[in-house]
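Take a look at the structure set out below.
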Amino acid sequence: MPDDKKLTTRDADFSAWYNEVVLRAELADYSPVRGCMVIRPNGYGIWERMQRALDDMFKATGHQNAYFPLLIPESFLHKEAAHVEGFAPEVAVVTHGGGKKLDEPLVIRPTSETIIYSMFAKWVQSYRDLPLLMNQWANVVRWEMRTRLFLRTLEFLWQEGHTAHATHDEAEEEARRMLGVYRDFMEGWMAMPVITGQKTDAERFAGAVRTYACEAMMQDNKALQAGTSHMLGQNFAKVFDLKFQAEHGGQEFAWNTSWGVSTRLIGGLVMTHGDDNGLRVPPLLAPIELVIVPIYKSDEERSRMLEAAERVTQRLTEWERRDPGRLRVHVDAREGIKPGAKYYEWELRGVPVRMELGPRDLEKNQGVLVRRDSREKRPVSLDTVGEDVAELLMRVQEDMLIAARERREHNSIRHRISYGDFRELMDGKGGFVYAGWCGSPECETQIKDETKATIRVLPDEEFLSAETPSECLKCGKTGAPIVEAVWAKAY
RNA sequence: CGGGACGUAGCGCAGUCCGGUAGCGCACCUGAAUGGGGUUCAGGGGGUCGCGGGUUCAAAUCCCGCCGUCCCGACCA
């Protein structure tokens, strides 16, 4: 009889491990419809904290929230040639309503460029109406062949920012700015380091001029596209007649950007930080930052410990932490479950810090703090518990980012590599490979066909190697137009 | 849509080959003891065996059809 208390280890089967963590930590569950999932309170709590942080960042960069409808006239999707080509195969279409066949089918939004820019066209007359900086929190539907919890589901939650600008340069700046916001969020809040850069034409968003992306490395050394920001040029403005009277006269088409991150980030969080004991949530995103587990024998001790736990909770929540708000503390007062069992459960759920509080501690006016990330134990005085916990949480947050970055760098290759060795690597343990690319789509697709690895990004300057590669990974061509690319297998 | 595996209690599974009153572990409920890393004992509740048909005195088990899920591919945030 296998011990069903133990998780499958990451080494044994990373996919199985991932599914088990998501299900057993109660982040999500399968729904009756293939490819759809229910996001449970533990998962949604993380998403809510992500939303709050991101939303604040969007507001701070001048954006406003709005809401556009789920249903879009099918004809809208067809206006932009590349857009429809990219999305048509995975669109869900409503053909009937109220028992009658519709005159024009409605598509369920796979993304909202078309409906949003058609509305922008109504609202923009003058350069004075620009820039228009909007964001919406919404669900979208894409009829994927193969789905995975959080990483790819038929329906998912996301935010999509959409902006219109008077000039190319302004729009370009916006697209880059939001990519930077994403990176700050992923590193600062999720403790998930990313490589930023530009996508190749093959990987570009359908309808965009340029696509920028954040790519993170998961613990199986595969890349996860965690967020994208698109410079749309005037492609959508032209087909939706989004134009304005310019400052010096004449009608001009606006320049658009769009950018989004989704609940996929939760999958990224799991695969970045999880371990063989379960989930590890970085403190800033943890719905519960500290769980107090009281330890007792008699009923008398039990009530004493619970009373003490309440006192500590009181002290912690009253303790004024300026940023990011009050400490989120939970007392696990459940009866009939031994402390050890509680430890395992909270570790599975990824609560960043635990406090063990028993009679022996109380005698010494202390509690024992245990870090989820390192399992390191340390007693703290109950007099200074606020500062100590807040400081420990900050350290955990920082250490998680450092550890993730070290793991990524450890699994990145920046030295010259032969194509044979590259194939072998991608066939085996994988990783990020920084190598030269001659810029030809042929080399790109051949590598994809032969190794399943793709160019994740053409990295931004700060990620470039000290020594620029001088030859194409595939064709070996040398000379001026060789650029550095990050190759990896992707989710 | 191609290849593979599977569908039996909330979850994980055995039973199917060889037809004969549906079982195990965990979870759940009750009681007692226990309590510093997954407690123990006793008692208890819960199942149209994925769905539909067929063979048979008798089907979870054999036959036919359908549906669904997961994994591996082609498509993708």
Side-chain angles (χ1 to χ4, degrees), chain A residues 1-8 13-16 18-20 23-24 26 29-37 85-91 110-111 139-160 182 199 202-203 205-206 211 213-216 223-230 258-268 277-278 293-302 305 334-348 354-363 366-368 370 375 377 379 448-449 452 454 456 490-491:
Chain A
M1 184 57 55
D3 185 355
D4 63 4
K5 283 177 175 172
K6 285 242 163 22
L7 282 168
T8 299
D13 185 343
F14 194 78
S15 288
Y18 174 80
N19 283 335
E20 284 176 29
L23 294 171
R24 287 172 57 174
E26 296 181 358
D29 202 351
Y30 295 106
S31 90
V33 177
R34 176 196 77 86
C36 293
M37 70 174 188
E85 196 191 323
F87 281 105
E90 56 185 41
V91 148
T111 177
N139 58 338
V140 289
V141 168
R142 299 180 187 179
W143 216 262
E144 303 289 352
M145 295 302 206
R146 231 185 107 205
T147 57
R148 296 201 63 194
L149 294 168
F150 286 114
L151 301 174
R152 184 165 301 106
T153 46
L154 296 199
E155 178 188 3
F156 58 93
L157 303 183
W158 74 346
Q159 59 69 219
E160 46 181 326
Y182 285 157
K199 288 286 185 182
E203 302 274 328
F205 175 77
T211 289
C214 298
E215 295 280 335
L224 184 77
Q225 181 171 301
T228 49
S229 180
H230 315 292
S258 69
W259 26 274
V261 296
S262 73
T263 38
R264 171 181 252 201
L265 289 178
I266 296 172
N277 296 307
V293 178
I295 294 153
Y296 48 80
K297 291 192 175 70
S298 59
D299 282 352
E300 184 271 330
E301 268 183 359
R302 177 179 140 82
M305 289 314 123
R334 288 175 300 171
E335 266 185 279
I337 302 175
K338 288 179 74 170
K342 292 181 179 179
Y343 300 165
Y344 277 100
E345 187 176 322
W346 292 111
E347 282 174 4
L348 173 65
R354 169 177 83 233
M355 179 188 283
E356 305 175 359
L357 195 60
R360 297 211 293 270
D361 298 311
L362 224 48
E363 274 167 33
Q366 68 169 32
V368 177
V370 188
R375 284 185 149 190
K377 289 194 182 194
K448 185 178 180 180
D449 291 345
K452 288 175 204 142
T454 50
R456 300 320 305 153
Y491 271 96

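Chain letters run A, B, ... following the sequence lines, proteins first and then strands; every chain starts at 1. The figures here come from the full heavy-atom set of this structure, side chains too, leaving out hydrogens, waters and symmetry mates. Keep in mind the model is a prediction, meaning the values are calculated, not measured.
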Inset, instruction - Could you check how far CD1 of A:I295 sits from C1' of B:U34, rounded to whole Å? - result: 15 Å
Inset, instruction - Describe the nucleic acid contact of A:S15 in one word from base, sugar-phosphate, nothing, applying a heavy-atom distance below 4.0 Å. - result: sugar-phosphate
Legend entry - Paired nucleotide for B:A59 [Watson-Crick or G-U wobble; both distances under 3.5 Å]: none
Inset, instruction - Please give the nucleotide sitting opposite B:G2 as a Watson-Crick or G-U wobble pair, both distances under 3.5 Å, or none. - result: B:C72
Legend entry - Atom pair OG1 (A:T263) and CG (A:L149), whose distance is rounded to the nearest 0.5 Å: 11.0 Å
Inset, instruction - Confirm from the modelled atom types if A:E347 and B:G38 form a donor-acceptor pair under 3.5 Å, side chain to base only. - result: no
Legend entry - Beyond-backbone contact of A:L23 with A:D29, side-chain heavy atoms, under 4.5 angstrom: yes
Legend entry - Complementary nucleotide of B:C18, counting Watson-Crick and G-U pairs under 3.5 Å: none
Legend entry - Candidates B:G35, B:A77, B:G37 - which lies nearest the side chain of A:Y344: B:G37
Legend entry - Watson-Crick or G-U wobble partner of B:U39, both distances under 3.5 Å: B:A33
Legend entry - A:K6 side-chain proximity, nearest of B:G37, B:G38, B:G36: B:G38
Inset, instruction - Could I get the full list of salt bridge (charged side-chain N to carboxylate O under 4.0 Å, His left out) partners for A:K297, not counting sequence neighbours? - result: none
Legend entry - Candidate nucleotides B:G37, B:A77, B:G38, ranked by approach to the side chain of A:Q225 - the nearest: B:A77
Legend entry - Axial cation check for A:F156 ring with A:R264, 6.0 Å and 45° limits: no
Inset, instruction - Name the pairing partner of B:C28, where a pair is Watson-Crick or G-U wobble with both distances under 3.5 Å, or state none. - result: B:G44
Legend entry - Rounded distance in Å between the P positions of B:U16 and B:G23: 15 Å
Legend entry - Span that lies between the C1' atom of B:G47 and that of B:C24, in whole angstrom: 14 Å
Inset, instruction - Indicate, with a heavy-atom threshold strictly under 4.0 Å, whether A:G336 touches base, sugar-phosphate, or nothing. - result: base
Legend entry - Residue whose closest nucleotide on RNA chain B lies nearer the 5' end, A:G227 versus A:R148: A:R148
Inset, instruction - Scan every strand shown for a Watson-Crick or G-U wobble partner of B:C13, both distances under 3.5 Å, and answer none if you come up empty. - result: B:G23
Inset, instruction - Could you tell me which nucleotide pairs with B:G52 by Watson-Crick or G-U wobble geometry, both distances under 3.5 Å, or answer none if nothing does? - result: B:C64
Legend entry - Presence of A:K338 side-chain N/O under 4.0 Å of B:G36 phosphate oxygens OP1/OP2: yes
Legend entry - Gap between atoms CG and C1', on A:L149 and B:A77 respectively (whole Å): 15 Å
Legend entry - side chain to side chain donor-acceptor pair (under 3.5 Å) against A:Y182, all qualifying residues, sequence neighbours excluded: A:Q159
Legend entry - Residue A:R142, side-chain heavy atoms: nucleotide from B:A77, B:G37, B:C71 that is nearest: B:A77
Legend entry - Gap in Å between the two P atoms, one belonging to B:G50 and one to B:G37, rounded: 43 Å
Inset, instruction - Kindly write out the residues that satisfy salt bridge (charged side-chain N to carboxylate O under 4.0 Å, His left out) with A:R334, not counting sequence neighbours, or none if the list is empty. - result: A:D332, A:E345
Inset, instruction - Measure from the side-chain heavy atoms of A:R354 and tell me the nearest of B:G73, B:G36, B:G37. - result: B:G37
Inset, instruction - Assign A:R302 to base, sugar-phosphate, or nothing according to its heavy-atom contacts below 4.0 angstrom with the strands shown. - result: nothing
Legend entry - All salt bridge (charged side-chain N to carboxylate O under 4.0 Å, His left out) counterparts of A:E26, not counting sequence neighbours: A:R40, A:R349
Legend entry - Side-chain donor or acceptor of A:Y343 paired with backbone N/O of A:V293 under 3.5 Å: no
Inset, instruction - Check every strand shown and say whether A:L224 touches a base, only sugar-phosphate, or nothing at a heavy-atom separation below 4.0 Å. - result: nothing
Legend entry - Distance-minimising heavy-atom pair for A:K377 and A:V370: CG-CG2, 3.6 Å
Inset, instruction - Give a yes/no verdict on base stacking between B:G37 and A:Y343: centres under 5.5 Å, planes within less than 30° of parallel. - result: no
Legend entry - Residue whose closest nucleotide on RNA chain B lies nearer the 5' end, A:K448 versus A:L362: A:L362
Write out a two-atom table: protein N or O, nucleotide N or O from nucleotides 67-69 of chain B, distance below 3.5 Å.
residue: B:U69; atom: OP1; partner: A:R34; partner atom: N; Å: 3.1

Inset, instruction - Indicate yes or no: does A:E215 engage A:K199 in a salt bridge with an N to O separation below 4.0 Å. - result: yes
Inset, instruction - For A:D361, answer base if it contacts any base atom (sugar-phosphate contacts may also be present), sugar-phosphate if it contacts only those atoms, and nothing otherwise; contact means non-hydrogen atoms under 4.0 Å. - result: base
Legend entry - Nearest listed nucleotide, side chain of A:E144, among B:A77, B:G36, B:U39: B:A77
Inset, instruction - Would you indicate what A:P359 reaches in the nucleic acid, counting non-hydrogen atoms under 4.0 angstrom: base, sugar-phosphate, or nothing? - result: base
Legend entry - Residue-phosphate contact under 4.0 Å: A:N277 side-chain N/O, B:G37 OP1/OP2: no
Under 3.5 Å between N/O atoms: give me all the protein pairs with nucleotides 1-9 of chain B, atom names plus distance.
none

Legend entry - Euclidean distance, atom CD1 of residue A:I337 to atom C1' of B:G37 [Å, nearest integer]: 14 Å
Legend entry - Minimum-distance nucleotide (side-chain atoms of A:K377 versus B:A74, B:C70, B:G37): B:G37
Inset, instruction - Please tell me which of the listed nucleotides, B:C70, B:G37, B:G35, lies nearest to the side chain of A:K297? - result: B:G35
Legend entry - Gap between atoms CD and P, on A:E356 and B:G37 respectively (whole Å): 8 Å
Inset, instruction - Taking the side chain as every heavy atom from C-beta outward, state whether A:T147 and A:Y30 have any atom pair closer than 4.5 Å. - result: no
Legend entry - Length of the line joining A:L154:CG and B:A77:P, which is rounded to integer Å: 15 Å
Inset, instruction - Check whether any side-chain heavy atom of A:W259 sits under 4.5 Å from a side-chain heavy atom of A:F205, and report yes or no. - result: no
Legend entry - Smallest separation among heavy atoms of A:V140 and A:W158, with atom names: CG1-NE1, 3.3 Å
